[in-house]
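Since this is a predicted model, take the numbers as computed values, not measurements.
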Amino acid sequence: MADLQAGRHDAACPLLRKSYRLEKRPRTLFHLAECEERAGRIATAALHYDEYLDALERLSPPEQQDEAARQKLALERRERLDADIPRVTFRLPEAAPKGTKVTRSSKASPDAVPVVLGVPMPVDPGEQWVRTEPPGGPPRDRRFFVNRKERLTIDLTVAQPGDEAKTVRYSRPLEPVPVLLPPAVDDGMSGWRLGGYIAAGVLGLGGIATSVATGVVAAGQKDTITTNCAGGFCNEKGEGAADRAATMGVVSTVALPIGLVGVAGVVLLLVTEPERVRLGRANGPTIVRRSTPVILVGASGRSEGYVGATWTW
């Protein structure tokens, strides 16, 4: 109770559970439900509130009177929790062997509980595990997450008898083993060549873009010059337009060949690009010897992870 009042739910709930197993008092059930609710395991809390209310019916009238205040709290909390409890529907494939067992568990409640198929089942929010176990076949676990108020449908899978043979377990550290690494890959491009690509690209795109932009500005001055100039004489506005047209025309004329030179540089670099050494064309793999830590490989069970391979470059 001290742990419960201090908010140490991970310590309080297991102790209350143990206490109820030792002595099945309804009041202990109430506090266990209260602990689970505060810990966020609202489906478990609702179950214990229901068990508490059922247990009250077996008490004598004086004992029921002593529990009147807690009974009222349990009814109120149970009704409030109902809307927030997630519900998950589990479905087996049609080809699943007859007699396949389906159980569910979680970190907080590691004991497996049977699953009713095709019916929305109340579960606690958070991480959950569901296991399928066909007759004579290996079990298969699946992890899933569910949030408050969520309604979820999970289509389960069943392992085939042959899948068990694929499971490999190492229970001790392995001896140092040779690790084959792929040969080094030469991308065929030096820093100078990369810089050349960048410089030529900027020069080409910048020159052409400048030529086009200044050419458009120069052409745009034509109407202003026509309107404000006559007989070789221009007013102030016409002179300004004429000066801008002349300046932009010169810039456009100079920028265009510069841009073409940049484009030509990019083409030249592409044509003279050396052939890259690709994976598998080097002289051979590199062998590195390294110590291997303890490895646990498995196709089933929560404590058995799935191991893949990673190249080290």
### Pairing residues for P97 by the side chain to side chain contact (heavy atoms under 4.5 Å, CB included) criterion, not counting sequence neighbours
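For P97 the side chain to side chain contact (heavy atoms under 4.5 Å, CB included) partners, ignoring immediate neighbours, are T100, P134, P135, V158.
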### Task
Scan for disulfide bond (SG atoms under 2.5 Å apart) pairs involving residues 23-116, sequence neighbours excluded, and state none if there are none.
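Residue pairs passing disulfide bond (SG atoms under 2.5 Å apart), neighbours aside: C13-C35.
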Working to the nearest 0.5 angstrom, can you tell me the gap between [X] [atom1] and [Y] [atom2]?
X: Y52; Y: T28; atom1: OH; atom2: OG1; answer: 10.5 Å
X: L47; Y: L81; atom1: CG; atom2: CG; answer: 11.5 Å
X: I42; Y: K149; atom1: CD1; atom2: NZ; answer: 9.5 Å

Residues in side chain to side chain donor-acceptor pair (under 3.5 Å) with [X], at least two apart?
X: H31; answer: E34
X: Y49; answer: E37, R77
X: R151; answer: none
X: D50; answer: R78

[X]: what forms a salt bridge (Lys or Arg N to Asp or Glu O under 4.0 Å) with it, not counting sequence neighbours?
X: E79; value: none
X: R27; value: E67
X: R58; value: none

### Task
Using the salt bridge (Lys or Arg N to Asp or Glu O under 4.0 Å) rule, collect all pairs that involve residues 86-95, keeping only residues at least two apart or in two chains.
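As it turns out, the salt bridge (Lys or Arg N to Asp or Glu O under 4.0 Å) pairs with a partner in residues 86-95, which skip direct neighbours, are D82-R87, R91-D155.
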### Within residues 9-25 or reaching into it, pairs that qualify as salt bridge (Lys or Arg N to Asp or Glu O under 4.0 Å) - sequence neighbours excluded
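For residues 9-25, and leaving out neighbouring residues, the salt bridge (Lys or Arg N to Asp or Glu O under 4.0 Å) pairs sorted by first residue read R17-E36.
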### side chain to side chain donor-acceptor pair (under 3.5 Å) pairs, two or more places apart, involving residues 110-124
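As it turns out, the side chain to side chain donor-acceptor pair (under 3.5 Å) pairs with a partner in residues 110-124, which skip direct neighbours, are T44-D124.
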